[in-house]
Structure formats: structure tokens, C-alpha cells
Amino acid sequence: MGADERAEAGEIHSLDAAAPGPAPEGHSLDGHSLEALSARIHARHRDLIKVQKPHVAVANLARIIAAALKLSNRQGFHAMTLRQLAAESGLSMGGLYSYLDSKDTLLLMILGEVSHAVEAALGNAPEAVRADPVAHLNWLIAAHVQLSEAMHPWFVFAYMEAKAFPPEARKRAVDSERLTERIFADVIAEGMRQGVFVAEDPLFAAALIKPLLQDWYVKRSKYRARGIDAQAYAAQVTRFVAGALAVRTV
């Protein structure tokens, strides 16, 4: 991925994004700070991480991840070396190896957290919202946009680096994208059963919605230059999708 395309995605100045605006009902963004995400990564990879004290391990994981995302945004994850990562994070090479044994391990840690965050966020709609397919679809769109705003550097990383992923990481990224599409497709299918949506193929309709969601975090600077924030973008996508799926009356 070239430097111009990385610039279009937005420079990564801070891993704790600026306030992304109110979250949809039932969806909190409080757990998506760099520290909170690093704590969850630590909990899932304790068997690999050699540092015993959790608070030390989580703090250093946050430094490593912040450095990796910064370097990837600047030059690409594939071109980044572990020595550069150690220098950027302020750790020695020995210290770095206390947390990971290779770049691929770090890559899987980051992708795994993005996948877990998306699955948890999109599966958290309130019961009252789930009962109404229109409200549920609107909620999913808003939740995804707000999550990608809160985790912007992580989402940009997963999108920009995908072509260079090794097989296991590529499979994980593809599985995560398919899961997102399936969540949207299930809601569209339910709307079709209730007679409030029309579509030839719910999964194909969901696959068309996904690039609209990706465009926010990949080309966020373009929309911000037009005065469009995350809430406004989600509202525009919601109206567009509603028009595409609306039941036509003769």
C-alpha cells in the first residue's frame, strides 16, 4: 500500500481516538481504549507472554501495539522490523521477545482483537431493537461506524495490510469480514420475512453494505473535510440502505 493511500486513511497520531460521539443504545465505547484492548489481548495470550505482573504486561503491550500501528501506518507492517518495533516502543529486543516471538504473532493478536471487538459490539443490540429489523439494521450501521471510529488505527491497519497477510492472518481477516456480513444478512433476511425489506439475496445485500462501512475509516479525512462526522456518516448510510431495501408498492 503506497504512502498516498496511507495518508488518505489518516495519520495515526494517537491510539485513543478523539470522542466519536454518542454510541447507539446498548453499545458502550468505554472498553475500546488502547489500555482496555491491550488488557484483553493479554488475557487471551497469557500462555505466550512471559512477564508475570499483569499491570506491567498490559502497559508494555499497549506500547508495542501503539508502536506497531504507527510504524505500519508510516511504512507498512511487512516492511517493519522487530528491531524498529523495539526502538519505537522503547523496549530492548529481549524485552520485546517477552511478549511475542515473531511479527506474525503480533499480527494475529491485533487481528484477533479487532475481530472480537466487532463480534461483541454487533451482537449487543437491546432486545427491543432486535425485535424490529429496521431498527436493528439501523443500530448495526451506527454501531459499526462508531466502533471503527473508536478503534480507527486498528481498523485502518487491518484494511491496509490485508494484501500482505500470511495465510493464517489472511484467513482470520476473511472470517471476520464474513461474520460481519452474516450478522447484517441475518437481519435483512428477518426483515424480508416480516415484509419490511426486499432483496434478491440477503448475504449479497450485506456484502454491498460492508464497503460503505469501510469507506468511513479508510477515507475518513475526505468526509471530515466536508464537515461530515461519524454520526452524520452513519445517518447517510442508513438512509441509503433503507432506500435500497425498501418494499416497493404499486
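Just the heavy atoms: all of them, side chains too, but no hydrogens, waters or symmetry mates, feed the values below.
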Q: With a 4.5 Å heavy-atom cut-off, do His42 and Pro54 have their side chains touching?
A: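 The answer is yes; the side chains approach within 4.5 Å.
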Q: Step by step, would you call Leu34 with Trp154 a side-chain contact (heavy atoms from CB on, under 4.5 Å)?
A: CA-CA 10 Å; Leu34 175 60; Trp154 302 67; 3.8 Å; yes
Q: Heavy atoms, side chains only, cut-off 4.5 Å: are Lys70 and Arg74 in contact?
A: yes
Q: Are side-chain heavy atoms of Gln214 and Pro211 found at a separation under 4.5 Å?
A: yes
Q: I'd like to know whether Arg130 forms a salt bridge (charged side-chain N to carboxylate O under 4.0 Å, His left out) with Glu190, so could you lay out the CA-CA distance, the side-chain angles of the two residues, the decisive distance to 0.1 Å, and finally the verdict.
A: CA-CA 10 Å; Arg130 290 176 180 272; Glu190 179 59 29; over 6 Å; no
Q: For Ile49 and Leu61: C-alpha separation, side-chain torsions, deciding distance, then whether side-chain contact (heavy atoms from CB on, under 4.5 Å) applies.
A: CA-CA 10 Å; Ile49 296 169; Leu61 267 177; 3.7 Å; yes
Q: If I take atom CZ from residue Arg182 and atom CG from residue Leu203, how far apart are they, to the nearest 0.5 angstrom?
A: 5.0 Å
Q: Tell me whether Val174 is reachable from Phe157 by hopping between hydrophobic residues (I, L, V, M, F, W, Y) whose side-chain heavy atoms are closer than 4.5 Å.
A: no
Q: Between atom CD of Gln231 and atom CD of Glu149, what is the distance when rounded to the nearest 0.5 Å?
A: 10.0 Å
Q: I want to check something: taking the side chain as every heavy atom from C-beta on, are Val218 and Met160 in contact at a cut-off of under 4.5 Å?
A: yes
Q: Could you tell me if the side chain of Leu85 sits less than 4.5 Å from the side chain of Leu82, heavy atoms only?
A: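 Yes, close enough: below the 4.5 Å cut-off.
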Q: Walk me through it: do Val237 and Val145 pass the test side-chain contact (heavy atoms from CB on, under 4.5 Å)?
A: CA-CA 10 Å; Val237 171; Val145 170; 5.8 Å; no
Q: Could you tell me which non-hydrogen atom of Glu88 sits nearest to which non-hydrogen atom of Ala67, and how far apart they are?
A: CG-CB, 3.5 Å
Q: What distance do Ile228 atom CD1 and Lys222 atom NZ have between them, rounded to the nearest 0.5 Å?
A: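 These two atoms lie 9.0 Å from each other.
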Q: Specify the closest pair of heavy atoms between Leu212 and Tyr233, including all atoms of both residues, with the distance to one decimal.
A: O-OH, 2.5 Å
Q: Look at the rings of Tyr159 and Tyr217 and say which category their plane angle falls in: under 30° parallel, 30 to 60° tilted, over 60° perpendicular.
A: perpendicular
Q: Can you check whether Val241 reaches Phe184 side chain to side chain, under 4.5 Å on heavy atoms?
A: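 Side-chain contact under 4.5 Å: no.
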Q: Under 4.5 Å between any side-chain heavy atoms of Leu137 and Phe197, yes or no?
A: yes
Q: Tell me the closest heavy-atom pair linking Glu161 and Gly76, and the distance in Å.
A: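 Minimum heavy-atom contact is OE2-CA, 3.5 Å.
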Q: For a quick test of reading the model, state the closest non-hydrogen atom pair linking Ser38 to Ile65 and the distance between them.
A: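 Closest heavy-atom pair between Ser38 and Ile65: OG-CD1, 3.9 Å.
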Q: CD/Glu119 to CG/Leu179 distance, rounded to the nearest 0.5 angstrom?
A: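 Those atoms lie 5.0 Å apart.
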Q: Which pair of non-hydrogen atoms, one from Ala199 and one from Ala205, has the smallest distance, and what is that distance?
A: CB-CB, 4.4 Å
Q: So which residues get pulled into Phe204's cluster when ILVMFWY side chains under 4.5 Å apart are joined, directly or through others?
A: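 Besides Phe204, the cluster holds Leu208.
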Q: What's the verdict on side-chain contact (heavy atoms from CB on, under 4.5 Å) for Phe155 and Val118, showing C-alpha distance, side-chain angles and the deciding distance?
A: CA-CA 10 Å; Phe155 276 69; Val118 171; 3.6 Å; yes
Q: Within the 3.5 Å criterion, strictly below it, is a donor on His116 or Arg40 matched to an acceptor on the partner's side chain?
A: no
Q: Look at the side chain of Arg172 and the backbone N and O of Ser115, then say whether any donor-acceptor pair between them is shorter than 3.5 Å.
A: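 No, the answer is negative, given that no donor and acceptor are paired below the 3.5 Å cut-off.
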Q: Enter the distance from Ile64:CD1 to Ile41:CD1 here, rounded to the nearest 0.5 Å.
A: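 Between Ile64 CD1 and Ile41 CD1, I get 10.0 Å after rounding to 0.5 Å.
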Q: Does CD belonging to Glu168 count more than 12 external heavy atoms closer than 6.0 Å?
A: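 At most 12 heavy atoms, drawn from other residues, nucleotides or ligands, come within 6.0 Å of this atom.
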Q: Does Ile183 share a hydrophobic cluster with Ile141, counting links as ILVMFWY side-chain heavy atoms below 4.5 Å and allowing steps through other members?
A: yes
Q: Do Trp216 and Gln236 come close enough that some side-chain heavy atom pair is under 4.5 Å?
A: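 Not touching, per the 4.5 Å side-chain cut-off.
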Q: Name each donor-acceptor pair under 3.5 Å that joins a side chain in residues 90-111 to protein atoms two or more places apart or in another chain, with its distance.
A:
{"unit_1": "Ser92", "atom_1": "OG", "unit_2": "Gly95", "atom_2": "N", "d": "2.9"}
{"unit_1": "Ser98", "atom_1": "OG", "unit_2": "Gly94", "atom_2": "O", "d": "3.3"}
{"unit_1": "Tyr99", "atom_1": "OH", "unit_2": "Asn60", "atom_2": "ND2", "d": "2.9"}
{"unit_1": "Asp101", "atom_1": "OD1", "unit_2": "Thr105", "atom_2": "OG1", "d": "2.4"}
{"unit_1": "Ser102", "atom_1": "OG", "unit_2": "Asp104", "atom_2": "N", "d": "3.4"}
{"unit_1": "Ser102", "atom_1": "OG", "unit_2": "Thr105", "atom_2": "N", "d": "3.2"}
{"unit_1": "Ser102", "atom_1": "OG", "unit_2": "Thr105", "atom_2": "OG1", "d": "3.3"}
{"unit_1": "Lys103", "atom_1": "NZ", "unit_2": "Phe77", "atom_2": "O", "d": "2.8"}
{"unit_1": "Lys103", "atom_1": "NZ", "unit_2": "His78", "atom_2": "O", "d": "2.9"}
{"unit_1": "Lys103", "atom_1": "NZ", "unit_2": "Met80", "atom_2": "O", "d": "2.7"}

Q: On a heavy-atom basis, which atom in Ala125 and which in Trp139 lie closest, and how many Å separate them?
A: N-CH2, 3.5 Å
